[in-house]
Asks: 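Attaching a single structure in structure tokens format; questions to follow.
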Amino acid sequence: MIHFAELGIFFNPILAIIICVNLVTIMEKVKNSEDTSTNTIIVSLSLAYIVFTISILASS
């Protein structure tokens with residue numbers, strides 16, 4: 001049975017790509033003076049999940 005934190009091994013690379021794409025989108029939106037709240041939330045949740053899973057996997 002795969003535990004919650006072990007799913008990070010598979011999802012962390014995907015989330016890292018999502019973070020990069022959203023950061024580029026945020027930079028473009030800031031340049032055009034558009035709203036960036038949705039992209040900021042996605043980046044924050046993705047980064048929080050990556051940090052959480054790395055810390056859980058490192059402690060076990």
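As a basis for the values below, the full set of heavy atoms in this structure was taken, side chains included, without hydrogen atoms, waters or symmetry mates.
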Asks: Going by side chain to side chain contact (heavy atoms under 4.5 Å, CB included), name the residues that satisfy it together with Ser55, two or more places apart in sequence or in a different chain.
Replies: none

Asks: Glu28: what forms a side chain to side chain contact (heavy atoms under 4.5 Å, CB included) with it, not counting sequence neighbours?
Replies: Val24

Asks: Under 3.5 Å, side-chain donor or acceptor atoms of residues 9-23 against the rest of the protein: list the pairs with distances, not counting sequence neighbours.
Replies:
unit_1	atom_1	unit_2	atom_2	d
Asn12	OD1	Thr53	OG1	3.3
Asn12	ND2	Gly8	O	3.3
Asn12	ND2	Thr53	OG1	3.2
Asn22	OD1	Asn39	ND2	2.7
Asn22	ND2	Ile18	O	3.0

Asks: Cluster question for you: counting only ILVMFWY and a side-chain heavy-atom cut-off of under 4.5 Å, with indirect links fine, are Tyr49 and Leu45 together?
Replies: no

Asks: Shortest non-hydrogen contact from Thr36 to Lys29?
Replies: CG2-CB, 3.6 Å

Asks: Given the rule that I, L, V, M, F, W and Y join up when any side-chain heavy atoms are under 4.5 Å apart, are Ile42 and Val30 in one cluster?
Replies: yes

